[in-house]
Structure formats: structure tokens, C-alpha cells
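Heads up: the structure comes next, in C-alpha cells.
Model, not experiment: these values are computed from the prediction. Just so it is clear: chains get the letters A, B, ... in the order the sequence lines come, proteins before strands, and each one is counted from 1.
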Amino acid sequence: MKKIFAILVMIVFVGVLVACNQTSGASNDNTIKIGIIADLSGSGSTLGPGAVNAAELAVEEINAGGGVLGKEVELITGDSASDAKTANDQAKTILNKNKADALFLMSNSANREAMMSTVEKSNKLFFYTPIYEGGSYGDNMYFSGEVPSQQIEPVIPHIMETYEAKKWFIVGNDYVWARKTSEILKGAVEGNGGEIVGEEYVPMGTSDFSTIISNIQSADPDFISVEVVGADAISFVKQLESMGLDKGLFAYNVDEDSIKAMGKGAVGMLEAASYFYNLDTEANKEYLKNYTEKFGEDAVRPNFVSNSPYEPIHIWAKAVNEAGNLEVKEVNEALPTVTFSGPKGEVSFDGEGHHASLPIFLGEVGDDLEVTIVKEFGIIEP
Amino acid sequence: MNLTRSLLKSNPSRNLVLIILILLLLPTVSTDYFSSLVGKAIIFAIFAISLDLAWGYGGILSLGHSVFFGLGAYAFTITSLNIGTPFGIFLGIVLGVFVPIIIAALVSSFVFFSKTSPFYIGVVTLSLALLAEKMVIRFSSFTGGQNGLSGVPEFPFYGVPLYYFILLIFVLVVVVSSILVKSDMGKIIMGVRENEERMQFLGFSTPLVRTMIFCLSGSLAGFAGILYASFDGFVSPSLVGFTLGTQVIVWVAIGGRGNIVGAVIGALLINILSPYFNEYFPYVWQSILGLFFIITVVFFPKGIYSFIDKSRKSAVKYDVTVKPQEVKILNSKSNILNINNLGVSFGKLSILKDLSLKINTGELQCIIGPNGAGKTTLINAITGRNNPTNGTVVIDSSSIEKERPETIVDKGIARTFQSTNIVGNLTVAENLQLATANGKFQSFYQNTKEIHLSPSTDKLLKLSRLEEKMTLLASELAHGDQQLLELCMAIALEPKVLLLDEPTAGLTGLERKEIGKILIHLAHEDNISILVIEHDIDFVKEIADRVTVLYDGTIAADGTVDQITQSDLVKKVYLGGH
Amino acid sequence: MSLSILSVVLLNIVTSIAIFFVIAVGLAVIFGLMDVVNLAHGEFVMLGAYAAFITSQLGLNPWLSFVIAPVIVAIFGLFIEKILIRHLYGKIMESILATWGLGIILRQVIELIFGKDYKIAPYPVEQTVNVFGAGYPVYRLLIVVLALVIVALLWYLERKTNVGVTVRAVIQNPNLSSALGININRVYSISFVVGSALAGLAGAIIAPLVSVHSGMGINYVMNGFLTVLVGGMGSLFGLVGSASLLGGSESVFSFFFDPVWGSIAVILITIVFMRFKKTSI
Amino acid sequence: MSFIKINSLTSGYSNTVIIRNIDIEVNEGEVLCLLGRNGVGKTTLLKTIMGLLPTLDGECFVMDRKVSGLKPYQIANLRVSYAPQDMGIFPDLSVGKNLKVGYRGSTSNFEEGCEEAFVHFPILKERLTQRAGTLSGGEKKMLILSRCIVNQPRLLILDEITEGVQPSIIDKFSDALNDIKKKGTTILLVEQNVSFAEKVADFYAVMNQGEIVAMDQMGRGSKQKIESYLVI
């Protein structure tokens with residue numbers, strides 16, 4: 001009896017395995033598949049759903065315009081769970097099991113690195129869409145987010161002059177992006193006659209900044225470079241405000257929803273990015289209208305991080321159509337030749353480093369916690 | 001061949017063989033994607049086995065086993081990336097196994113060799129996982145920080161396809177660990193899990209046993225880490241962190257701890273199914289898994305494998321052989337154990353005060369005295385359970401007052417406890433086998449079904465009728481039988497000195513008489529010195545050569561039974577108005 | 001270092017200790033009493049913070065969140081005790097696993113209800129006081145006061161009422177307590193509810209300082225757990241001491257070295273302290 | 001009207017039946033002593049009556065209330081005091097607090113009860129603030145019995161209260177029990193010490209292998225009869 005039961009359980013187990021396995025085989029010839037992996041759960045999940053929205057909107061627009069190579073584009077969504085292992089598993093699911101032709105990732109750098117070997121082995125196109133520290137390269141990999149040099153080099157001289165910001169203090173999370181940003185910021189500040197009066201790096205998930213703020217008080221800077229991200233950035237700015245510190249703030253990686261959550265402390269904060277919700281252009285108004293139509297009034301507002309998959313998906317579609325087929329080599333050749341004009345302005349990849357040239361804007365947070373654009377720097381090359 | 005047959009015989013082994021067969025055939029019927037998914041799951045199954053060895057078999061609660069996994073992965077990655085070439089890869093493999101062993105040994109020396117609570121190891125390993133993750137992020141120049149390291153070189157496969165290579169290693173790990181847990185050493189490991197104190201007083205260095213299994217487990221986890229890094233091509237801080245440490249516990253718990261097959265099933269099931277949950281329910285898949293954990297833990301605490309494997313510990317017959325009687329040099333009436341000015345105090349409370357006592361060869365000496373006089377404390381002080389505050393204890397001209405219990409057992413002192421202390425989850429035969437091991441490490445692969453008993457132990461076994469109950473679990477015995485078993489185990493150690501703490505409590509008059517006879521025999525014929533704490537004055541009168549009265553931490557009287565019962569002092573302090 | 005900075009630093013140390021304490025105290029009640037490690041404690045704190053957020057959304061006085069949050073989380077705790085925790089008494093390992101699963105579910109359910117974005121809870125007091133020339137927020141000082149109130153309240157319950165004896169008897173020997181006429185299941189339920197309420201209160205207390213989101217609890221549960229371990233079970237003043245030791249050293253190390261060393265110090269102190277502590281679990 | 005009535009009670013651990021078909025009746029104010037060799041099910045019977053073990057079959061009434069199926073605390077609240085064989089104290093609580101656990105009456109009654117217990121065991125009064133875990137074995141037993149006295153039970157259930165107690169103190173135990181008996185308390189006790197049983201019990205029952213094999217009034221010659229059962 002026991003044996004029969006044991007064998008039955010084993011059969012069920014095998015059955016489940018085989019069933020799981022079966023689902024992978026079917027591929028529909030009438031569609032071209034692409035995948036988006038975003039943080040739908042875990043620490044990065046404030047931005048994930050917006051990224052999926054942006055991708056869905058882009059795919060819908062492409063299909064409405066005749067699709068790619070006359071076929072419909074199908075979007076597959078994966079959750080990275082803000083975790084490297086899971087992200088890699090999902091990359092495998094999308095590229096190897098579902099045989100997607102391109103993968104778009106809107107997640108942190110660690111999750112990108114985790115799936116590198118999967119992506120390389122698959123020999124498919126890969127687009128990393130959010131702001132990141134720069135410096136990566138791959139034959140089939142493209143990076144469409146802001147890199148520190150784009151946010152710093154044109155912007156810092158302007159801020160130092162306009163706001164008389166000589167003494168800077170850096171507060172960042174202890175990881176590669178913040179370290180890289182600091183490095184470039186130091187060059188820019190010191191090159192323009194300023195000085196860095198202190199820098200502090202905190203672990204991810206820090207919620208009490210009181211000792212850091214004491215250090216800032218004793219260093220007495222003009223401006224603080226806010227390189228903490230996510231929930232930590234919110235806690236930091238709130239606590240800064242409650243301690244009565246009124247310093248200039250400059251941020252690179254704080255989305256507009258986070259600004260709302262910071263409250264009064266964020267008023268006056270400057271931020272450099274390629275896109276803001278309040279960008280006063282026809283293209284952006286059109287985009288927001290379509291976005292609201294598709295996802296409703298209550299949907300998350302697009303911001304420069306979460307909306308980042310939108311442009312590269314369009315660029316990929318244009319390049320495939322340009323190449324006339326899905327051969328990676330030919331699409332690679334076509335990619336630098338196309339330019340897409342979307343809500344933020346013109347975006348294009350350079351053929352050498354596979355990074356995007358983006359328009360850069362300086363925004364300032366007003367009393368209503370909305371960002372107004374105070375300066376445009378035009379298209380900045382990576 | 002005997003080995004293969006015995007492996008195939010029991011139910012769990014058959015299930016394992018079945019699993020391995022399925023895994024072997026899998027690539028022929030599945031996609032590359034699925035094989036790579038399963039390959040990773042197999043690596044995690046190895047990791048789960050490593051935890052099961054420590055937690056399920058060794059009873060070592062490791063809440064941060066990911067530290068060893070992650071350290072193995074990082075050590076391999078960093079070495080092989082920096083040195084490159086085949087040499088770097090091999091050095092990486094060596095370091096990937098040895099760094100975890102070193103850490104496991106350090107943790108062991110910190111935890112097992114002192115009197116800390118069993119939960120402390122959990123705290124240390126948990127803290128270690130938190131610490132390791134922070135360190136990896138902090139020292140990003142070596143470790144790549146949050147972004148991790150990619151481009152990890154492949155393991156040298158010698159042309160074997162990756163999947164099969166991993167499967168081969170998995171099979172090896174399963175076979176070796178199955179043999180280990182069934183071996184004589186495996187019984188010792190389980191004995192330490194079940195009853196550390198008894199094992200100590202059977203002469204085993206329990207910290208050493210725990211260190212051994214923990215290092216073994218750590219190295220296996222490290223090796224799984226190497227495989228993972230090489231298979232995935234990427235290492236990141238989450239490999240050493242708390243989350244993975246918790247996940248592996250979940251896999252083992254869901255499959256069923258203390259069972260190699262259970263650990264394997266748990267790890268395979270969850271790792272194969274979760275990507276599918278993620279794909280089909282991207283927004284709620286984690287909740288589904290969470291619910292699954294809760295239901296398993298609450299309603300099937302023994303894991304899902306307990307449904308498949310209902311096989312009870314089978315009644316294995318043991319062959320009992322009796323050693324030839326050893327001819328002892330009779331140095332009669334010389335004293336073997338000398339206790340001088342012994343003092344024991346706990347804080348301000350002093351229990352024993354400058355107590356001096358000699359125990360003679362082949363003499364049966366009873367200690368009587370009112371409650372709280374310090375009788376049990378005296379035995380504890382001699383046997384190293386509580387080291388004395390001052391004074392000396394000398395056996396055969398070596399001082400033992402500062403030694404650990406196992407060393408003292410090795411010098412020839414055995415004891416029993418007031419409340420019985422046996423290894424409940426092992427059979428009577430296995431308990432005896434542990435005792436006859438004399439505190440030595442046993443074979444890591446043989447599963448001996450033989451017990452080699454001393455003649456006096458054999459005699460006691462027959463008299464107590466325990467012989468008929470050899471295949472029962474010790475915990476299933478009646479109270480009196482448990483007490484007899486404990487006595488058997490103490491005698492099986494072939495001690496020079498036997499210390500018994502109320503050996504007849506809870507026994508009937510007839511049983512007492514039998515035990516009394518055996519004790520007299522052991523003392524007078526086998527020349528063992530016996531010290532018995534006893535309340536029943538009639539029993540004392542029957543057996544004792546000499547009686548010592550302990551009162552208020554000192555010796556109030558010492559002499560023959562008659563001398564003592566006539567003494568006015570004794571009447572006053574002990575016998576009350578009788 | 002000027003006097004004003006020094007005093008601000010000292011005040012920061014005191015408030016950090018108070019935060020360590022309020023987070024750990026609910027966990028200590030549950031762990032110490034029932035041998036249940038509630039790994040979802042961070043999520044209970046998170047629920048308290050969401051309760052503070054709801055309070056402000058309803059336009060109520062932010063002070064009310066100190067009442068509403070404990071009540072809401074206590075009710076939730078009662079529900080969880082009835083359906084889950086009841087099965088886990090005295091089983092440390094099982095409780096770790098099951099509450100880990102519970103934590104995952106709570107995070108996702110909160111996301112489904114409130115969305116994934118960051119919420120804010122307003123400060124009940126926004127003033128700062130002048131400390132040797134530097135401004136210091138009154139709210140942070142209030143946290144210290146609240147922590148002291150919790151200490152006083154629990155101390156009174158433990159020492160001055162029969163509740164203390166009952167609870168400690170149940171910890172030591174549940175079976176015997178039951179045979180002596182104590183309804184141990186009720187004692188357990190009540191303790192879990194009290195522990196949950198304290199977690200909710202902790203959530204409401206820290207909510208104004210940080211961003212309220214579903215994942216916030218993870219940042220707290222580990223420090224809380226370590227504080228409980230160092231403080232020992234069922235000892236209120238042990239807990240105060242351990243919060244002072246860990247919270248204090250985290251602040252000091254963060255200030256003089258960097259915050260990573262601060263958190264490393266907390267872990268190392270825990271390991272070493274527990275090794276040499278006489279009475280442990 | 002019998003005070004305790006047990007009808008064909010069967011009980012044990014999970015699947016192992018330890019005692020079967022036990023029938024016992026005790027009238028109010030009487031003392032019944034259960035004797036028998038080790039492992040015959042005496043403790044199991046007491047634990048089943050107290051609700052600490054599940055009743056597999058049969059039923060048990062105390063004061064005409066069916067107690068089978070009730071929780072231990074519910075049974076205790078019928079003014080039943082129970083002294084277990086081992087682990088009968090809270091080692092980390094003081095002696096005074098140990099006396100107080102589970103007590104529900106008024107403070108003055110409590111103090112009165114304590115004084116009553118201290119008459120027999122004055123040493124406990126000296127040790128009121130000492131941790132109970134530091135008491136000697138015999139003192140622990142005194143504490144357990146004293147707690148029962150303090151609670152002024154209507155039914156007292158004692159499991160080997162004299163185990164490990166020196167002879168001179170055992171006399172005090174019998175004095176204390178006889179005092180309790182005078183107040184009309186019904187007592188059910190399990191003993192190994194036949195002489196002690198002789199001093200306090202009105203009736204005795206001998207158990208063997210989970211069943212009651214003899215039951216009679218305690219009297220002259222009972223000791224020999226009982227001992228004849230014990231050496232089987």
C-alpha cells in the first residue's frame with residue numbers, strides 16, 4: 001500500500017514536471033515576442049508597475065502602427081522580486097523558454113549583472129532602461145538610462161553659479177551607482193572651484209539618519225548631493241527637514257512619487273533627469289493623454305525611471321523594421337541609425353558604446369511638491 | 001554489492017533512486033530551459049542536503065547556512081577570476097571548500113565548546129549571515145559590492161555535459177551522505193542530537209562531534225556554492241544573506257528534516273515550481289508560496305515526504321557478542337579515587353565544603369544523607385558536570401577536577417543520573433552500541449550490527465530482561481527498564497569507578513533486590529568501585545560495604561552499615577525519630 | 001566638536017535607543033512568552049505605520065494614531081493568533097518558517113490594497129527646541145517619552161499585578177500552570193495581542209520619521225530580534241539595557257566611523273554578548 | 001452520592017493504551033490511595049482525571065460534573081488541586097510567587113492559607129523570597145503540598161508526594177494531609193511508600209498493568225496484602 005502510494009506521488013511529481021515542460025514548446029508564428037522584467041515585488045516595487053505600463057503602451061502603439069515586420073508584438077512580463085536569483089530565472093524563462101527576441105530590464109544593476117551570462121548565451125538583444133552608473137558594454141546590449149556624466153557635467157557648473165554652491169556634502173547608499181556618481185561629482189565640483197566637505201555612505205534599508213545629519217551639521221555645506229535611493233531617500237529628506245537643516249539639495253535618482261512622500265523637506269530640491277511628468281511639451285501632453293486613456297486616472301504617474309522602457313521599445317521596433325528581419329547582427333547595425341522622438345524629446349543610441357543620447361532637464365520642486373523645469377540643457381551625449 | 005543491496009532495500013533509498021532516474025532521463029525529453037532550471041534546483045538540493053546534515057541529523061540549528069554557500073561561491077569566484085588559468089580554477093575550488101570549513105570550525109569553537117543554549121548557534125549563524133552580506137557590500141573592491149561579480153569561469157567538466165556533471169555530483173553527495181547517516185558515526189551524531197549530556201557521559205567529546213558534522217555540512221554547502229557560481233556565472237551578496245538562509249530552511253522543512261530524501265524533494269519541488277508561479281502570477285506569486293509554507297509548517301510539520309515514507313524505524317536485529325573476561329590486576333583495598341578538600345559553590349551558596357573522601361577498589365560504598373546535603377552535587381563535581389570551586393579529585397594519580405566529562409569518562413569513571421538519561425529515539429541495542437564505542441569516533445561508512453559487550457554488562461542485560469527488548473526504542477521502555485538500560489550503558493563503558501545516583505528510585509522491592517545483587521557482584525567479582533546515592537536505608541543495609549553520611553556539604557560519618565546505623569548523629573540528622 | 005553638535009549627537013543616541021526599544025518590545029513579549037519568533041513582526045510594525053497613514057488620510061488628529069494603530073494591529077493580531085499562531089506555541093523553528101510566509105503575504109496584500117508607492121504620515125508636533133543653539137525636533141524627544149511610558153506601564157503590569165506571576169508561570173511550565181487553573185491559551189492570546197499592539201504603536205511612532213511602504217518592516221525586524229536576544233526573555237530591564245547597548249553602539253559607530261560599521265557593531269556585540277551571558281534561552 | 005465517580009476509563013499516550021476499564025468511586029471526605037509497581041498506569045490515571053491526557057473511553061465525574069473532555073484549567077477551577085510527580089514547581093519564581101500561581105481568592109484568604117501551610121513546613125516561611133529552583137528536593141515537595149493547602153481544595157490529587165523525601169519529613173506530610181482531611185477535603189493519592197499510605201488513606205487500590213486488581217478498606221493487615229501485590 002505504502003509502495004503504491006509512493007509510486008503514485010512520484011507519478012504526480014513527474015506529471016507536474018512534464019506539464020510544466022509542455023507549456024514551453026508552443027510558439028506562435030504570427031507574433032514576435034519581447035520581454036520586460038521589472039521589480040513587481042520587493043524593495044524596488046514602487047517603480048515596477050509603471051515600467052510594465054510604459055512597455056504595454058509602447059507595444060500597443062507599435063502594433064497599432066502595423067507591428068514589426070508585419071507581425072504583432074507580444075509582451076511577456078516577469079517579476080524580478082528585486083532579487084538577483086529570481087531576475088536571472090525570469091530572464092531564462094523569457095529568453096530560453098518563451099524564445100523572446102529582445103529583453104528589456106527595468107531593475108537595479110545587480111539584477112542586470114545577474115542575468116548577463118543568460119543574456120550573452122541566448123544571443124538576443126538586451127536593453128537596460130533605467131538610470132545607472134554607466135560603463136557597461138555588450139555586443140547585443142543597449143543602455144538607455146541616464147548615466148552620471150549626463151546628469152552632472154552640464155548641470156553642476158550651472159548650479160554652482162546660480163545657487164552659489166561651493167561646499168558640497170555627499171550622502172549616498174553604499175553601492176556602485178552612488179560611488180560612481182560621487183566620483184564624477186567630485187571632479188565637476190572641484191573643477192569648478194568648489195570643494196567636497198564630507199561624504200557618507202549608508203547601507204541599503206537605513207531608516208535612521210540622525211548621526212549622518214549631525215555630521216552634515218558640523219560640516220556645514222551649501223549643497224547636499226542626495227545619492228540615497230528609494231525609501232532611504234525619503235527618510236533622509238524628512239529627517240533633514242525635521243532637524244531644521246535648510247541646505248540646498250541636488251538629486252539624480254528620486255522619482256516624483258518619492259518627492260511627494262518627502263513632504264515639505266523636498267521643497268526647493270533640484271534634480272537633473274531626461275524626463276519629468278510636468279514637462280511642458282506637446283509630445284509629453286499627447287503621451288500623458290494616451291497613458292491616462294489606457295490605464296485610467298488612478299494609474300501610477302509616469303516618471304523618468306519607471307517610464308524608461310517606453311523609448312527603447314520603440315527604438316527596437318524601428319530598428320527591426322529598418323533591418324527588415326530579426327537577425328541580431330542586422331538589427332544591431334540598424335539600431336544606431338534610428339532616432340525616436342517621444343515625450344522627453346529625441347532619443348538615439350550611439351554605435352560605439354551602445355548608450356543613449358538624451359535630453360537633460362533641471363527640475364526644481366515647488367511648494368506644491370510638483371517639479372517645474374528651470375533649465376534645459378538640450379541633448380547630452382553619454 | 002552488499003552496499004547497493006542495502007541501499008535499495010529500504011524505502012527512502014528506492015525513492016531516491018527513482019528521483020535520480022527521473023533526473024537522468026529529463027534532458028532527453030525536455031528543453032534546454034527546463035534542464036537549466038532543474039540543474040540549478042539540483043545544486044540547491046545539494047545545498048539542502050548540507051543543511052539537513054547539520055540541522056536534521058546533527059540537531060544544529062543553522063539559521064544562516066547561506067554563509068557557507070555564499071562563501072564557497074565567492075571564494076571560488078574571486079580566486080578563479082583573479083588568477084585565471086586552470087590553476088586558478090582548481091585553487092578556487094579548494095578555497096571554496098576550505099574557507100567555509102574554516103568559518104564553520106571557528107563558529108564551532110566559539111559555540112560548541114562552552115555552555116551556551118542550543119539556540120545560540122542559531123543566533124550566531126543568523127548574525128553571521130547578516131554580517132557577511134554587509135561585509136560583501138562594504139568591501140566592494142573584492143566582491144563587486146551590490147552589483148556582484150559576473151563572468152565566473154566554468155567548473156572543469158572534462159567533456160561531460162554540464163547537467164550530467166551536476167547530476168553526477170548530486171548522486172555522489174546523496175550516496176555518501178546516506179551512507180554517513182546510517183553508519184556507526186551517524187548513530188553517534190544522532191545520539192548527540194538527541195541527548196548531548198548522555199553522550200558526554202558515555203565519553204564522547206560532543207563538541208568535537210558537532211564540530212565535525214558542522215564543518216562537513218559547511219564544506220558541502222560551500223561546494224554547492226561553487227557549483228552554483230559556476231553554473232549561473234554570477235555571484236551577488238544575496239548568496240550569503242539572510243533570505244537565502246531562510247529559504248533553504250524552508251526547502252528542508254517542507255520536504256522533511258532529518259531525511260535526505262525529504263530535503264531533496266523540498267529543494268527540487270520549490271525551485272522548479274517557483275519560476276512557473278512567477279510567470280503565471282507575476283503580482284501575487286510570492287504570496288502563493290508564502291501560503292504554501294504556512295500550510296505545510298502548520299499542518300504537516302514533518303514535511304511532505306512523511307506522507308510518502310511511512311516506514312518506521314525498522315527493528316534491526318543486533319548480534320550480541322561477549323568479550324572474554326579481562327584479568328584485572330587485583331590491587332585490592334587500595335584507594336582508586338581520592339577526593340581532597342572538595343568545595344562547590346554557586347555564587348554565595350556553597351553546597352560542598354572541604355569534603356574529603358577516598359573510594360577503594362572493589363568496594364560498594366553508599367552515600368546517604370538528607371535532601372540538599374549535596375549528594376548529587378558531589379557526583380556532578382567528580383564527573384565534571386559542575387567543575388568544583390576548590391579542592392582536588394585524583395584518579396590513578398591524575399587530577400581530573402578541571403577536566404571535561406568525556407575526559408573523566410576516559411579515565412574510567414561512569415555514572416548514571418537521578419532522572420533517567422538515555423537516547424530515547426534510538427533502540428536499546430543502538431544505545432548499548434553507543435556505550436561500547438567508549439567515546440571513540442566510529443566508522444563513517446560501516447553500519448555495524450554487532451555489539452561487543454563486557455561479561456558483566458551481558459549478565460545485567462540478561463538479568464534485567466532487556467535482552468528481549470533490544471529492538472524497542474529506548475523511549476518506549478517503562479521507567480524502570482529505562483533506569484536499567486542506563487545502568488547497563490554505564491557498565492558497558494567498563495569503568496573502574498561507577499557512580500550511581502539513586503539507581504532504584506521508582507523500582508519495586510523485587511527489582512531492587514535484583515539490582516542489589518548485580519551491584520554486589522560488580523564490586524566484589526569484577527572489582528569495580530561503586531558509589532551509590534540511596535535513600536532506602538533497608539537497601540543500603542543489604543548492599544553496602546561502607547556507608548558515608550553527607551550532611552550540609554560535609555561528611556558527617558563514615559563506616560560500616562552497623563557503625564552508621566548505631567550512630568546518634570546519624571539518627572538525629574537523617575533517620576528522624578525512628 | 002561644538003557644544004551644540006555634541007548635545008545633538010547625544011540626543012540622537014538617546015532617541016536611537018528609544019527606537020530600538022519600541023521596535024523590540026512587542027517582539028520580546030511574544031518571543032519571551034510563547035517561544036514564538038514572529039518574523040512578521042516587521043510587517044506588524046508596517047501595519048501600524050499604515051494605520052498612522054490612514055489616520056491622517058481620514059483627516060483625524062495625528063495624535064490619534066497612537067491609539068488607532070495599536071488597536072487596529074491588536075485586532076489583526078487577535079485574528080492571526082486564532083488562525084495561525086495558535087498552532088505554533090513553543091515551536092521556535094516552525095514559528096520562524098510560518099511567520100516568514102505570513103510576512104510575505106502581508107506585504108503583498110498591503111500592496112494590493114494601498115498600492116506600491118510611498119505614503120506619508122505627518123508629524124504630530126513639528127516644532128523644534130533649541131539645544132545649545134541647534135534646533136532639535138520635539139517629536140524625537142517625544143519618542144523617548146513614549147518609550148519611557150511603555151517601560152513604566154509594562155513594569156507596573158509585571159511587578160505589581162498578579163498578571164506578572166501568571167505570565168511568568170506560564171512561560172516556565174505551561175502544563176503545570178494549566179493544572180493550577182490558568183487558561184494558558186487565553187494568556188497566550190492576550191500576550192500575542194499585547195505584542196501586536198506594541199508593534200502597531202511602534203509603527204505609528206516611527207511612521208512620521210520615515211517613508212511608509214510595504215517593505216519597511218524588513219529594516220526593523222532584525223535589529224528588533226537581536227535586541228530581544230541580547231536582552232533575554234521576559235526581562236523588561238534586560239530589554240532596556242540591550243536596546244541601550246545596541247542602539248547606543250550603532251549610533252556611536254555610525255557617527256565616528258560609518259553606518260555600515262554601525263550595523264556590523266550591532267551584530268558583533270550580539271554574538272559576543274550572548275556567548276558570555278550566563279542565563280540565555 | 002459519590003464525590004468522584006469513574007466509569008470504565010481508558011486512556012494513554014497517542015496510540016498506546018496505558019490504563020483500561022478503570023472504575024473508581026470515592027465519597028466526599030474520604031482518602032483513596034493508589035498503589036502499584038512502577039509503570040502500571042497510576043500517574044496516567046491521575047493525569048487523565050486532571051485533563052492532562054485525553055480520555056479514550058469511559059468517563060469521569062467530579063462532584064457530579066462530567067470532567068472528561070474539560071481542559072485542565074477548567075477542572076482546576078472546580079477547586080481541584082493537583083500535585084504532579086515531577087516538575088511541580090516554577091524554578092525561576094520565588095517560593096512566595098510559587099504559592100500564588102493560579103490562586104484566585106482574596107488576599108486575606110491567601111495569607112491565612114499560607115500561615116496554615118507554614119505550621120507544617122516552617123522552613124518555607126524562611127525561604128519565601130528564595131528562588132524555588134534552589135530548594136532541595138524535599139523542600140520542593142513541601143512547596144507543592146503547601147500550594148495545595150493554600151488553595152483550600154475540595155479535591156486533592158497527589159502524585160508521589162513523598163518521593164525522595166527523608167523519613168523525618170514524611171511524618172510532617174502525613175500530619176498535613178490528616179489536617180486537610182479533617183476539613184472534609186477528598187484526597188486521591190498515588191504512593192510507593194506503603195507505610196505512609198497506611199497512615200493517611202481510608203481505602204487503597206492496587207493497580208497492575210493498567211487495571212485495578214484489588215481495592216479495599218485500609219486497615220490492619222492491609223500492608224501485608226498490598227506488599228504481596230507489589231512483589232508479583
Sorted by chain and residue number, the ring pair (Phe, Tyr, Trp, His ring centres under 6.0 Å) partners of C:Y220 (sequence neighbours excluded) come out as none
Given that the side chain runs from C-beta out, which part of A:E200 has a heavy atom under 4.5 Å from chain C: side chain, backbone, both or neither?
side chain
With A:Y275, which residues qualify under ring pair (Phe, Tyr, Trp, His ring centres under 6.0 Å), at least two apart?
none
Please classify the contact of C:P122 with chain A as side chain, backbone, both or neither, using a heavy-atom distance under 4.5 Å.
neither
Using 0.5 Å steps for rounding, measure from the OG1 atom of C:T128 to the CE atom of A:M243.
10.5 Å
Given a strict heavy-atom distance threshold of 4.5 Å, which part of A:P203 is in contact with chain C: side chain, backbone, both, or neither?
both
The reported gap from CD1 in C:I120 to CD1 in A:I234 (rounded to nearest 0.5 angstrom) is 9.0 Å
How many angstroms lie between CE in A:M262 and OH in C:Y118, if you round to the nearest 0.5 Å?
9.5 Å
Output for pair (A:N215 CG, C:S254 OG), nearest 0.5 Å, gives 9.5 Å
How about CG on A:D367, more than 12 heavy atoms from neighbouring residues, nucleotides or ligands closer than 6.0 Å, or not?
no
If you define the side chain from C-beta out and look only at heavy atoms, does anything of A:T46 sit under 4.5 Å from C:H213?
no
C:Q108, part contacting chain A, at a heavy-atom distance under 4.5 Å
side chain
Residues 54-70 of chain C vs chain A, non-hydrogen distance cutoff under 4.5 Å, contacting residues -> none
In this structure, CG of A:D208 is separated from CZ of C:R140 (nearest 0.5 Å) by 5.0 Å
Taking atom NZ of A:K180 as the centre, report whether more than 12 heavy atoms of other residues, nucleotides or ligands fall under 6.0 Å from it.
no
To the nearest 0.5 angstrom, please state how far the CG atom of C:N223 sits from the OG atom of A:S207.
8.0 Å
Segment of A:I212 engaging chain C (4.5 angstrom heavy-atom cut-off):
side chain
Any idea which of A:G263, A:A233, A:G48, A:G230 has the most non-hydrogen atom pairs under 4.5 angstrom with chain C?
A:G230
Pairs flagged by side chain to side chain donor-acceptor pair (under 3.5 Å) wherever residues 230-246 of chain A is involved - sequence neighbours left out
A:N173-A:D232
With chain C as the partner, which of A:L40, A:V237, A:L245, A:D255 has the greatest number of non-hydrogen pairs under 4.5 Å?
A:L40
Side chain to side chain, C:S251 and A:S210, heavy atoms closer than 4.5 Å
no
Could you tell me which portion of A:Y201 (side chain, backbone, both or neither) has an atom closer than 4.5 angstrom to a non-hydrogen atom of chain C?
backbone
Pick from C:V260, C:I19, C:T15 with the largest number of heavy-atom pairs that fall under 4.5 Å of chain A
C:V260
